[in-house]
Participant: 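The structure is given below, and queries will be raised subsequently.
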Amino acid sequence: MLRRKGKAAVMAQCRDCWRLYQATPSHMQTRQFKVALIGAAGGIGQPLALLLMTNKLVTELAVHDIEPTTGFRKDLSHMDSGCQVKAYFGSDQMKTAIKGADIVMITAGMPRKPGQTRDFLFDTNAPIVAKAAALVSEHSSHALVGIITNPVNAVVAVAAEAMKKCGRYDPRRLFGVTTLDVVRAEKFIGDHMEIHPRKVRIPVIGGHAGTTIVPIFSQCQPPFEGDKECLESIVKRIQTGGDEVVKAKAGKGSATLSMAYAAARFTNALMRGLKGKSCAPECAYVQSDVTDAPFFSTPLTFGRKGIKKNHGLPKMNESEKKQVKVAVEALKQSAAKGVEYMNKMRE
């Protein structure tokens, strides 16, 4: 008798839950976005896929790589997540993975090895980015596109030119992901000041390589505490953080886990913008007129169409202004390299 009453109570609770679910607006019942991850089986792609699977804003995750991704998809599909994961592989299936995506994150390409600069990767990685960008224009022109593939400073220009060729380039929707530079700055400053890194806010502007990375310490919150020598040491470490990881891995990889973490943070900010939710500004490398460089990373606020507001250059001291001047000249050359590559492709 008690057992039957217990079962009845459970059934009643289930019915109440179901009625509540049916009464809930559809936009609250399900998660919202399809994210396509190009280069999903790589060193950055796999941990990024894992992190995106845990994000409640992702409805569908499309994982694509040149090699078969079926086993990778199966592994992810065993997670107790409401996100549906679908596998695609090979050149022919990239367009299917991208089709209908709200966000496309491009991680595909060759990673750096010891002694290599990011620019060394250009000839290998530029055609991969160009193809992915063209397919986005053709099959999901509304998508926001985040480029992680190096060298970011040059291949973002490649992506822009590929989209222009298709007649569907929207500069509000194309981003070079430089969030790792911000994450490193927050971590290194937090460790130095003995506070939690997430309590640190600092704009890191410019580009995503060496001296093009300019952390604006004068605008750090809370205010940075340290002498000139200490500040210069941390700036140097932020600018060469990638080299530090490549060297530590002794030829077995580059910054993959930290980059995946940073890319997941950036993707979440994009999705919050698409939903019209507030989010702290994130820096990203985008088409810009705030300097003479055609692309430049500054703090951005995101909205339903990508960039809602470019906050431009933060206030800077004289030393930081000099660093920006150096960065601009290098970034102009990187962008020109990307445009030149695409012009040759058209010939």
Side-chain angles (χ1 to χ4, degrees), residues 31-55 57-79 81-111 121 124-152 155-156 158-160 162-163 165-166 168 173-177 253-254 256-257 259-264 266-268 270-271 274:
R31 293 186 273 185
Q32 299 297 307
F33 304 111
K34 173 182 176 179
V35 178
L37 184 51
I38 308 303
I44 297 171
Q46 290 202 38
L48 178 54
L50 177 66
L51 291 168
L52 292 176
M53 286 287 292
T54 67
N55 191 311
L57 295 176
V58 183
T59 302
E60 179 182 337
L61 180 64
V63 293
H64 176 274
D65 214 303
I66 298 301
E67 300 299 325
T69 53
T70 307
F72 175 43
R73 185 212 70 84
K74 179 62 70 176
D75 196 358
L76 289 171
S77 72
H78 286 193
M79 295 172 60
S81 165
C83 178
Q84 298 298 311
V85 57
K86 298 181 180 180
Y88 305 91
F89 64 92
S91 297
D92 294 341
Q93 292 187 16
M94 188 187 292
K95 64 181 180 183
T96 309
I98 288 172
K99 188 174 182 179
D102 299 289
I103 296 175
V104 179
M105 300 299 289
I106 303 173
T107 73
M110 179 189 294
L121 307 175
T124 300
N125 293 347
I128 298 171
V129 171
K131 178 177 180 179
L135 289 175
V136 170
S137 293
E138 294 169 7
H139 300 284
S140 193
S141 59
H142 71 286
L144 307 184
V145 182
I147 296 179
I148 299 166
T149 303
N150 274 314
V152 168
V155 298
V156 170
V158 169
M163 291 174 166
K165 184 178 179 181
C166 296
R168 294 184 177 179
R173 301 176 186 270
L174 178 64
F175 309 89
V177 181
S254 56
T256 53
L257 301 177
M259 184 66 246
Y261 171 85
F266 183 74
T267 307
N268 185 66
L270 291 181
M271 290 189 291
L274 288 173

Participant: Kindly determine whether T107 and I38 satisfy side-chain contact (heavy atoms from CB on, under 4.5 Å), including the steps that lead there.
Facilitator: CA-CA 6 Å; T107 73; I38 308 303; over 6 Å; no

Participant: Could you grab the distance from atom CG of D75 to atom OG1 of T70, nearest 0.5 Å is fine?
Facilitator: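 Output value for this atom pair is 12.5 Å.
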
Participant: Do the side chain of S81 and the main chain of M53 share a donor and acceptor less than 3.5 angstrom apart?
Facilitator: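 Checking the backbone N and O of M53 against the side chain of S81, a donor-acceptor pair under 3.5 Å is found.
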
Participant: Search all heavy atoms of A260 against all heavy atoms of I44 and return the closest pair with its distance.
Facilitator: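 So the two residues come closest at CB-O, 3.8 Å.
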
Participant: Rounded to the nearest 0.5 Å, how far apart are CD1 of I66 and OG of S91?
Facilitator: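 I66 atom CD1 to S91 atom OG measures 4.5 Å (nearest 0.5 Å).
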
Participant: Distance check, rounded to the nearest 0.5 Å: N268 atom CG versus L51 atom CG?
Facilitator: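 So the gap between those two atoms works out to 11.0 Å.
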
Participant: Could you pull out all residues at least two apart from A132 that satisfy side-chain contact (heavy atoms from CB on, under 4.5 Å)?
Facilitator: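 A132: side-chain contact (heavy atoms from CB on, under 4.5 Å) contacts with M94, I106.
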
Participant: Is there a donor-acceptor pair under 3.5 Å between the side chain of H64 and the backbone N or O of G90?
Facilitator: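 Here the side-chain-to-backbone pair exists.
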
Participant: Within the 4.5 Å heavy-atom criterion, are V177 and M105 side-chain neighbours or not?
Facilitator: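 SC-SC contact between V177 and M105 confirmed.
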
Participant: Give, for atom CZ of R73 and atom OH of Y88, the distance between the pair rounded to the nearest 0.5 Å.
Facilitator: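 Interatomic distance, R73 CZ to Y88 OH, rounded to 0.5 Å: 10.0 Å.
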
Participant: How would you list, by chain and number, every residue that makes a salt bridge (charged side-chain N to carboxylate O under 4.0 Å, His left out) with K86, sequence neighbours excluded?
Facilitator: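 K86 satisfies salt bridge (charged side-chain N to carboxylate O under 4.0 Å, His left out) with E60 only.
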
Participant: Tell me whether Q93 contacts the main-chain N or O of F89 through its side chain, where contact means a donor paired with an acceptor under 3.5 Å.
Facilitator: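 The answer is yes, because a donor-acceptor pair under 3.5 Å joins these two groups.
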
Participant: Start with the C-alpha gap between N150 and V155, add the side-chain angles, then the distance that decides, and say whether side-chain contact (heavy atoms from CB on, under 4.5 Å) holds.
Facilitator: CA-CA 7 Å; N150 274 314; V155 298; over 6 Å; no

Participant: Does some side-chain heavy atom of M79 sit less than 4.5 Å from a side-chain heavy atom of T54?
Facilitator: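 Sidechains of M79 and T54: in contact.
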
Participant: Check whether any side-chain N or O of Q46 sits under 3.5 Å from a backbone N or O of A41 as a donor-acceptor pair, and report yes or no.
Facilitator: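 Checking the backbone N and O of A41 against the side chain of Q46, a donor-acceptor pair under 3.5 Å is found.
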
Participant: Enter the distance from K131:NZ to I98:CD1 here, rounded to the nearest 0.5 Å.
Facilitator: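 Going from the NZ atom of K131 to the CD1 atom of I98 covers 9.0 Å.
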
Participant: Test of understanding: with side-chain contact (heavy atoms from CB on, under 4.5 Å), list the residues that count as partners of N125, not counting sequence neighbours.
Facilitator: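 Testing N125 for side-chain contact (heavy atoms from CB on, under 4.5 Å), a comparison that skips the adjacent residues, returns M110, L121, I128, T149.
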
Participant: Residues in salt bridge (charged side-chain N to carboxylate O under 4.0 Å, His left out) with R173, at least two apart?
Facilitator: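 Per chain and number, R173 pairs via salt bridge (charged side-chain N to carboxylate O under 4.0 Å, His left out) with D170.
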
Participant: With side chain to side chain contact (heavy atoms under 4.5 Å, CB included) as the test, pick out the partner of F33 among L274, T267, I103, L270.
Facilitator: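 When side chain to side chain contact (heavy atoms under 4.5 Å, CB included) is applied between F33 and each of L274, T267, I103, L270, only L274 qualifies.
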
Participant: Rounded to the nearest 0.5 Å, how far does CG of N55 lie from SG of C83?
Facilitator: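 So the SG of C83 and the CG of N55 are separated by 9.0 Å.
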
Participant: Using the side-chain contact (heavy atoms from CB on, under 4.5 Å) criterion, which residues pair with K74? Sequence neighbours excluded.
Facilitator: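 Listed in chain order: S77, H78.
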
Participant: I'd like to check V35 versus D102 (side-chain heavy atoms, cut-off strictly below 4.5 Å). Are they in contact?
Facilitator: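 Counting from C-beta outward, V35 and D102 never come under 4.5 Å.
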
Participant: Give every donor-acceptor pair under 3.5 Å between a side-chain atom in residues 135-148 and any protein atom, sequence neighbours left out.
Facilitator:
{"from": "S137", "atom 1": "OG", "to": "A133", "atom 2": "O", "distance (Å)": "3.3"}
{"from": "S140", "atom 1": "OG", "to": "A101", "atom 2": "N", "distance (Å)": "3.3"}
{"from": "S140", "atom 1": "OG", "to": "A101", "atom 2": "O", "distance (Å)": "2.6"}
{"from": "H142", "atom 1": "NE2", "to": "A101", "atom 2": "O", "distance (Å)": "3.1"}

